[in-house]
Amino acid sequence: GIGAPANASSVYFISLQVGFVILSNSSYNQGRDVLLGTRDGGATWQELFDAPAPAPWPDGPFQVFAAGHGIGFEHDEGIVLEDTPLITADWGKTWTPSGSLIHVSGCSAFYESITGLSFPNQAHGWATLSCGSSPSTSILFTVNGGKTWSENSAPVNSRSGFVGVSFPDISTGYLVS
């Protein structure tokens, strides 16, 4: 196990053995966020990087690919009040902003926060989001690694909105409502 009290803000495995977790308020580094990695399916974890304040750092869903490239989202508590897409090319050591999300229909002035993220490859990805404290029925997608996002135009029925998404390949997806 992880072995320290902290809040896991996101967990992602690139294989059955290799995975990552971002811990918020980690005792590993005086209450700062930290990225841990495992190579044995989660039996043991090692600190990879800690959040360099005030540099961008994902505190929402993230995904790292086998080549060390990845995408994550930082919660913006400023004036804009929407998650900012971040990218990494060094296994999560550094993150840089990469464009912005679109404003989805039905969210109006409410904060848009990414709740689920799935990339079956580095180019194609899908995300679920919340509007304020309520899950949205909108699904976002990208075909360029998260540089730009679009709202899914095909209607998907859900009374309560979606909180998670998983795409094992670009034509097969699963939603959690």
Side-chain angles (χ1 to χ4, degrees), residues 7-16 18-24 33 35 42 51 56-89 91-92 95-177:
N7 297 317
S9 63
S10 192
V11 178
Y12 183 72
F13 277 78
I14 61 175
S15 70
L16 291 174
V18 178
F20 304 89
V21 62
I22 293 176
L23 299 180
S24 300
D33 292 353
L35 176 65
W57 186 263
D59 54 7
F62 78 104
Q63 189 163 340
V64 177
F65 305 102
H69 296 273
I71 185 167
F73 291 88
E74 179 180 39
H75 177 71
D76 179 3
E77 297 184 21
I79 296 171
V80 178
L81 294 179
E82 71 177 17
D83 285 358
T84 301
L86 303 173
I87 57 170
T88 183
W91 295 97
W95 295 84
T96 56
S98 172
S100 64
L101 294 176
I102 62 161
H103 291 283
V104 299
S105 58
C107 276
S108 62
F110 292 108
Y111 173 75
E112 298 174 12
S113 178
I114 299 297
T115 58
L117 181 67
S118 182
F119 276 76
N121 60 43
Q122 282 187 244
H124 299 87
W126 286 263
T128 55
L129 61 131
S130 65
C131 296
S133 61
S134 302
S136 172
T137 56
S138 295
I139 302 163
L140 301 180
F141 70 94
T142 181
V143 295
N144 57 15
K147 290 179 184 145
T148 59
W149 292 85
S150 300
E151 188 174 2
N152 187 36
S153 60
V156 181
N157 294 326
S158 172
R159 291 182 156 190
S160 58
F162 302 109
V163 295
V165 61
S166 177
F167 272 78
D169 61 56
I170 64 171
S171 60
T172 306
Y174 303 93
L175 293 166
V176 178
S177 76

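No experiment lies behind these values; they were computed from the predicted model shown.
Remark: Phe167 pairs with Ser118, Pro120, Trp126, Val165 by the side chain to side chain contact (heavy atoms under 4.5 Å, CB included) rule, at least two apart or across chains. Taking Phe65 as the reference, Phe119 meet the ring pair (Phe, Tyr, Trp, His ring centres under 6.0 Å) condition, with sequence neighbours excluded. Under the side-chain hydrogen bond (donor to acceptor under 3.5 Å, both in side chains) criterion, Thr172 pairs with Asp169, not counting sequence neighbours. Taking the side-chain hydrogen bond (donor to acceptor under 3.5 Å, both in side chains) definition, one finds that Asn144 meets it with Thr142, Thr148, sequence neighbours left out. Here Val176 pairs with Val163 under the side chain to side chain contact (heavy atoms under 4.5 Å, CB included) rule; sequence neighbours left out.
Considering every non-hydrogen atom in both Val18 and Ser15, the closest pair reads N-OG, 3.0 Å. The two residues Pro85 and Gly146 make their nearest non-hydrogen contact at CB-O, 4.3 Å. The heavy-atom pair separating Ser166 from Pro168 by the smallest distance is O-CD, 3.7 Å. Closest approach of Val11 and Val21 over heavy atoms only: CG2-CG2, 3.6 Å.
Of the inter-residue distances, the one linking His69 atom NE2 with Gln63 atom CD reads 14.0 Å to the nearest 0.5 angstrom. To the nearest 0.5 Å, the span separating CD1 on Ile87 from NZ on Lys147 amounts to 7.0 Å.
Using a 4.5 Å cut-off on side-chain heavy atoms (C-beta onward), Thr128 and Ile114 make no contact. By the 4.5 Å heavy-atom criterion applied to side chains, Phe62 and Leu35 are counted as neighbours.
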Let me see the working for Asn152 and Leu140 under side-chain contact (heavy atoms from CB on, under 4.5 Å), right down to the final yes or no. CA-CA 6 Å; Asn152 187 36; Leu140 301 180; over 6 Å; no
Step by step, work out the side-chain contact (heavy atoms from CB on, under 4.5 Å) result for Trp91 and Phe20. CA-CA 10 Å; Trp91 295 97; Phe20 304 89; 3.7 Å; yes
Start with the C-alpha distance between Tyr12 and Ile14, add both sets of side-chain angles, then the distance that settles side-chain contact (heavy atoms from CB on, under 4.5 Å), and finish with yes or no. CA-CA 7 Å; Tyr12 183 72; Ile14 61 175; 3.4 Å; yes
Using side-chain contact (heavy atoms from CB on, under 4.5 Å), reason through Leu86 and Phe73 one step at a time and then give a plain yes or no. CA-CA 6 Å; Leu86 303 173; Phe73 291 88; over 6 Å; no
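No side-chain donor-acceptor contact under 3.5 Å links Ser150 to the backbone of Phe141.
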